[in-house]
Structures are given as C-alpha cells and as structure tokens.
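Reading through the structure tokens given below for one structure.
Order of the sequence lines sets the chain letters (A, B, ...), proteins ahead of strands, with each chain counted from 1.
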Amino acid sequence: MGAIEPRILKGFRDCLPQQMIARQRMLRAIEGVFERYGFSPLQTPALEYSDILLGKYGDDAERMLYRFADKGGRDVCLRYDLTVPLARVAAQYGNLPMPFRPYQIGPVWRAEKPGRGRYREFLQCDVDIVGSPSLLADAECMAVDNDVLSALGVTNFTIKLNNRKVLTGLLESLGPAASSGENANGILRTIDKLPAAGEKAVRRLLATDNGLDQSTIGRIFEFLGIEGSNEQMLAGARRFFGPSEAGAEGISELSDVLARAAGLGVPEDRVRIDFSIARGLDYYTGSVFETFLLDLPGFGSVMSGGRYDDLISMFVGREMPAVGISVGVDRLFSAMAELGLIKPSKSVTRVLVAPMSTEAVRPALESASRMRAAGRATEVYLEQAKLKKQLKYADQRGIEAVVILGADELAAGEATVRLMTEGEQIQVPLGDLPARVASLLG
RNA sequence: GUGGAUGUAGCUCAGCUGGUUAGAGCGCCAGAUUGUGGUUCUGGAAGUCGGGGGUUCAAGUCCCCUCAUCCACCCCA
C-alpha cells in the first residue's frame, strides 16, 4: 500500500485531460491544414534498427539517440525525428506513387537535457513531399507553416529561410579545408549557433573546434554580415559569389522559393532570409526553414524543416528528392500557453443526466443513450446522491446542461433541464429531450 | 556537463537571529432542515518540513553529503 512512489522520468510528461482537450483541438486544426494541402496520414514505429537512424543526423544529434539492445539482442533506437523513418518508408515501398505526400503525427525521443520548451519525449507533426525536385514543394511547406500558425491564432512570427547550397557554396569558396565532408557539417553546425551564441563565441568555435584560420573566419563573417531586406540580402550574396560558384545556385533557389511562397499567400513580411540558419541535422541539402515566435524571444523554433535530396538515396541508391516541415507540437503548445492562447477545458462532457432516485436510473440511462445518439457527449451520474452534489459535479467539470430526473419529472413524463451558466431550468417531455437539449446547447 | 537559485499540505507560499502540539490562501470533503452548482458562512481531512548524516539539552531553522526541480550557458522541435 503506497510503497511505490508515483513519479515520472525527467523530460517526460503526463498530459492530463485539462491540457489534452486543448491539445487535441490544436492537433485537429493542424491536421486540417495538412489535409487541405492534400497530405495523407502515415504512421511508422517508435523503434527502428539503429543503422537506419545512425549516420543521418550528425554527431551532435546522435549523442541524443536513445539506443539499446532489445530482447532479441537487436541494436535498436527510438526514433529521433519523423523524417528519417519516412525516408526508410519511401525507400522500402517501391510502389508508392510519386510525389508521395504523407503527414505524420507521432512522438519522437531525444536523450538531451530538458529545459524550457525542451522535452525528451515530444510530439512532432510532419508533412513531407517525396519525389519532387520542384521548388514549389519547398514553398508549399512554408505555406503550410504559415497556415498552421494562423489556424492556431498565432500571428506574430517569422519564418527564417536559408539554403544549404548557399552555405556549402560559401565553404567551397574558402578552399578544401573548409568544404570537405565532416568538417563542412561541423562548420555549418557552428554557424547555426550564431543567433543563440553570438558572433564572438562562433568565431572562437570556428577556430578551436573547426580549425579554421582567422582570414577564413573573416571571410565567413563577411558573408554572414550581409544585411537588409530579403532583396538586399540576395543582391549582397550575388555580389559575394561569382556567377559560376555553387553559392550562386543557392541564391537563385532562395529567390525562387520566396517568389513561390508569396504566390501561395505567405505574407512577405513574415519571411526573412537568414544566412546563419543551417539546421543542426546533416541531411539537409537545399532550403532550410525555422519559425520563431516574436513574442517569445529565445524560446526556440516551433516549426522547422527543409529539403533533403540525398537522404532517401542513402537507402535506395537512386535519386529521390524530398522536402518537409515539422511542427514541434509540444513546444508550440507550451509557447501558446505562455502567450495565453490556450483555453483550458475540464471535460468534454456537455450533458449530465442526474437521476434522483433508483427508479430514475433506468429512464436516465435511456435518455443518455438517446442524447449520445444525437451526438452530444453525455454522462450519467454514477452514484445515488443529492441533487446538490450532482450539480456540483457538473459545475466542476464545466458541463453546460444537467438533465434532472426525479419523482416529479417521472410522474409527468418529462425532465427538468438546467442550463448551468444561465441558471435557468425548463421542463421538457422525455421524448423531446435529445432535440431540445441539442438546440439549447447549439 | 559548468555556474546560480530553490526544495515545508494536492497547488502557491509564510515560518524573524534554532525553543513546547508546523501555519495561511486556494483546492478538496461535509454541513447551513428533507430535490438545486458557481457567492457567503461553519466545520473537517491532509505534511516522514526532498532524503541521509552531523552539531545541540533542543533543528523546518545551523553544518556536511545526496537527490530533485528551476534559471543561465550549451543544444534543438
């Protein structure tokens, strides 16, 4: 008795009904946006063979993989995101019609230190477009991003946009020391820290961690220092790169994606080119985006993604371009809670049927069934209790209507319906109950 | 992982320089005449004072260790 202390693992959370109700509403809104863009649901397992996930994310991320041997001695990992499992699916099923447009809603796990808006288990909602190299697909991801936040009532945000080709072009222009393989990824991850860590720290890290000399670092910051409107930044970057350099292709893609996104109705002032956005994950190859809430500076990105044209080919060996974006549902939810955009609900029940005596139980059950058939979430009070207690039960749960069935009502063949917010009561013939309650509740 | 802060009732916290049976607000439960919630009034339940060790006649209060949480750095959704 009580010998086991109830507790929960660090970084993991219970979502009690009061939160879950609002969270489910949020998920439905997100799902609605996804489906309006023609994305279809996909689900994959929480566990994958380790070799499916390893080598896709980069060192920083891989340290955060939950990895263990299962009962059969298989080397497995909890998925770190939804993108790599999707890549596996796209590679594994040869009969998928392309472009393949799945959306996924599911938990992912990262064994990192939890903090504000950071958990070890959290829900991601991804949309991906597999099999199309079109930059229109990139722009669609941004439009989904914009629509999702708008649908949730969030208005003050910025989608930061960059292109990996710009960054790799930058590194190539610096010579082989900077642009070769793993070192290039390391440099990008360092650059990605710029908004959080600041220029000084990044300069130091580029020298100590990435082994760059001061003139190379100077050149990088010459590029990162390009400022101004999106147009001005594109123009500045064009001047920086020669026309034949790899970076120029990225600049042209950026310009294209911007135009397409505007065409899809993404307000232009919500999109900002930011050359320091690299994303911590290795698999990105083209567009990268991260979304920030301007009312919560320092909160971190609530939605992000990018193009990963080479990831799926790591499984199949042939070209398979893809682009996607991911909503950090839990983070977004806690951000919205901080901003007061979440209305908590205590229960989904809208009607409580209150039987006042044992004789009233049978008619109460029947009434409840008919109310449910009419589509109203209905509970029957389970114990014999005073009316006072039953009304209190309804009040505590925010239940809008109580159907009272007592001796008087039974004798008259009707029920008393009490509307809790108004405090009004009306007599309703039992036969009309579902229709009347439905119209009273709206 | 580094630095700082905090751990007292379900929640938010008070408890002065160590001194008898540890408090408040909110919440919860019950009652204010027999079938009417949310307001009010009355009453009630509930705490190994995070855990362990030490100093002392005496520790929630001082010291040490440990665990946990929060904030910053770091990293990301």
_Closer than 4.0 angstrom, basic N to acidic O: yes or no for A:Arg110 and A:Asp81?_
no

_A:Gln18 CD to B:G10 C1', straight-line distance once rounded to whole Å_ = 14 Å

*If the P atom of B:G3 is compared with that of B:U12, how far apart are they to the nearest Å?*
27 Å

*Give A:Leu332 one of three labels, base, sugar-phosphate or nothing, depending on what nucleic acid heavy atoms sit under 4.0 Å from its own.*
nothing

*Mind calculating the distance between CZ (A:Phe157) and C1' (B:A77) to the nearest angstrom?*
16 Å

*Round to the nearest Å and state the distance from A:Tyr283 atom OH to B:A77 atom C1'.*
11 Å

*Round to a whole Å and report the spacing from CZ of A:Arg63 to P of B:C76.*
10 Å

*asked:* Please report the distance separating the C1' of B:G7 from the corresponding atom of B:A45, rounded so that it comes out in whole Å.
replied: 25 Å

*Between B:U20 and B:G27, how far is it from one P atom to the other, in whole Å?*
31 Å

_Span that lies between the P atom of B:G52 and that of B:C57, in whole angstrom_ = 23 Å

_Contiguous pairing runs of three or more, Watson-Crick or G-U under 3.5 Å, that involve RNA chain B_ = B:1-7 with B:67-73, B:10-13 with B:23-26, B:28-32 with B:40-44, B:50-54 with B:62-66

Can you pull every protein N or O that's under 3.5 Å from an N or O on nucleotides 37-40 of chain B?
unit_1	atom_1	unit_2	atom_2	d
B:G37	OP1	A:Lys388	NZ	3.4
B:G37	O2'	A:Asp395	OD2	3.3
B:G37	N7	A:Arg418	NH2	2.7
B:G37	O6	A:Arg418	NH2	3.0
B:G37	O6	A:Met420	O	3.3
B:G37	N1	A:Met420	O	2.4
B:G37	N2	A:Asp395	OD1	2.9
B:G37	N2	A:Met420	O	3.3
B:G37	N3	A:Asp395	OD1	3.4
B:G38	O4'	A:Asp395	OD2	2.9
B:G38	N2	A:Thr421	O	3.4

*asked:* Per the ring pair (Phe, Tyr, Trp, His ring centres under 6.0 Å) rule, what does the pair list look like for residues 404-442 of chain A, sequence neighbours excluded?
replied: none

*Looking for any heavy atom pair under 4.0 Å, which part of the strands does A:Asp408 touch: base, sugar-phosphate only, or nothing?*
base

*Give the rounded distance in Å between these two atoms: CD of A:Gln384 and P of B:G35.*
12 Å

*Which residue pairs satisfy the salt bridge (Lys or Arg N to Asp or Glu O under 4.0 Å) criterion with at least one member in residues 133-160 of chain A, sequence neighbours excluded?*
A:Arg101-A:Glu140, A:Asp138-A:Arg307, A:Lys160-A:Asp274

_Same-atom distance (P) from B:C70 to B:C13, integer angstrom_ = 13 Å

_By side-chain hydrogen bond (donor to acceptor under 3.5 Å, both in side chains) - contacts of A:Asp128 (at least two apart)_ = A:Tyr308

*Does any non-hydrogen side-chain atom of A:Val327 lie less than 4.5 Å from one of A:Gln124?*
no

*Could you list all the ring pair (Phe, Tyr, Trp, His ring centres under 6.0 Å) pairs where at least one residue sits in residues 114-157 of chain A, not counting sequence neighbours?*
none

*asked:* By the salt bridge (Lys or Arg N to Asp or Glu O under 4.0 Å) test, which pairs, at least two apart or in different chains, include something from residues 396-407 of chain A?
replied: A:Arg350-A:Glu400

_If you count every heavy atom of other residues, nucleotides or ligands that lies below 6.0 Å from A:Gln425 atom CD, does the total exceed 12?_
yes

Under 3.5 Å, N/O pairs linking protein and nucleotides 43-45 of chain B:
none

*Return the value, rounded to whole Å, for the distance between atom CD of A:Gln390 and atom C1' of B:U36.*
11 Å

*Which part of the nucleic acid, if any, lies within contact of A:Ala407, taking any heavy atom under 4.0 Å across all strands shown: a base, the sugar-phosphate backbone alone, or nothing?*
base

Between protein and nucleotides 66-69 of chain B, what N or O pairs are separated by less than 3.5 Å?
unit_1	atom_1	unit_2	atom_2	d
B:U69	OP2	A:Lys10	NZ	3.3

*Determine, step by step, whether A:Ser134 and A:Arg260 satisfy the side chain to side chain donor-acceptor pair (under 3.5 Å) criterion, reporting the C-alpha distance in whole Å, the side-chain angles of both residues, the deciding distance to 0.1 Å, and the verdict.*
CA-CA 11 Å; A:Ser134 168; A:Arg260 301 287 198 188; 5.7 Å; no

*asked:* Under 4.0 Å, heavy atoms only, any strand: does A:Ser326 hit a base, just the sugar-phosphate, or nothing?
replied: nothing

*Please tell me which of A:Arg110 and A:Lys386 maps to the more 5' nucleotide of RNA chain B, matching each residue to the nucleotide holding its nearest heavy atom.*
A:Lys386

*asked:* Can you measure A:Arg79 atom CZ to B:A77 atom C1' for me and round it to whole angstrom units?
replied: 14 Å

*Taking the same atom, C1', in B:C28 and in B:G38, what whole-Å distance lies between them?*
16 Å

*For B:A9 and B:G60, measure between their C1' atoms and round to the nearest Å.*
14 Å

*Would you check if the side chain of A:Arg372 reaches a backbone N or O of A:Thr378 as a donor-acceptor pair within less than 3.5 Å?*
yes

_Nearest-Å distance for atom pair CG/P, residues A:Leu16 and B:C11_ = 12 Å

*Which residue pairs pass the salt bridge (Lys or Arg N to Asp or Glu O under 4.0 Å) test with at least one member in residues 44-54 of chain A, sequence neighbours excluded?*
A:Glu48-A:Arg88

_Restricting to side-chain contact (heavy atoms from CB on, under 4.5 Å), what partner residues turn up for A:Lys10, sequence neighbours left out?_
A:Pro114, A:Arg120

*Could you pull out all residues at least two apart from A:Glu422 that satisfy side-chain contact (heavy atoms from CB on, under 4.5 Å)?*
A:Leu419, A:Glu424

_Heavy-atom neighbours of A:Glu268 CD exceed 12 at 6.0 Å_ = no

*Answer yes or no: is there an ion pair linking A:Glu366 with A:Arg362, defined by an N-O contact shorter than 4.0 Å?*
yes

*Pick base, sugar-phosphate or nothing for A:Glu112, based on heavy-atom distances below 4.0 Å to the nucleic acid.*
base

*asked:* Work out how far the C1' atom of B:G47 is from that of B:A22, and round it to whole angstrom.
replied: 9 Å

*Do A:Arg219 and A:Glu222 meet the salt-bridge criterion of a basic N to acidic O distance under 4.0 Å?*
yes

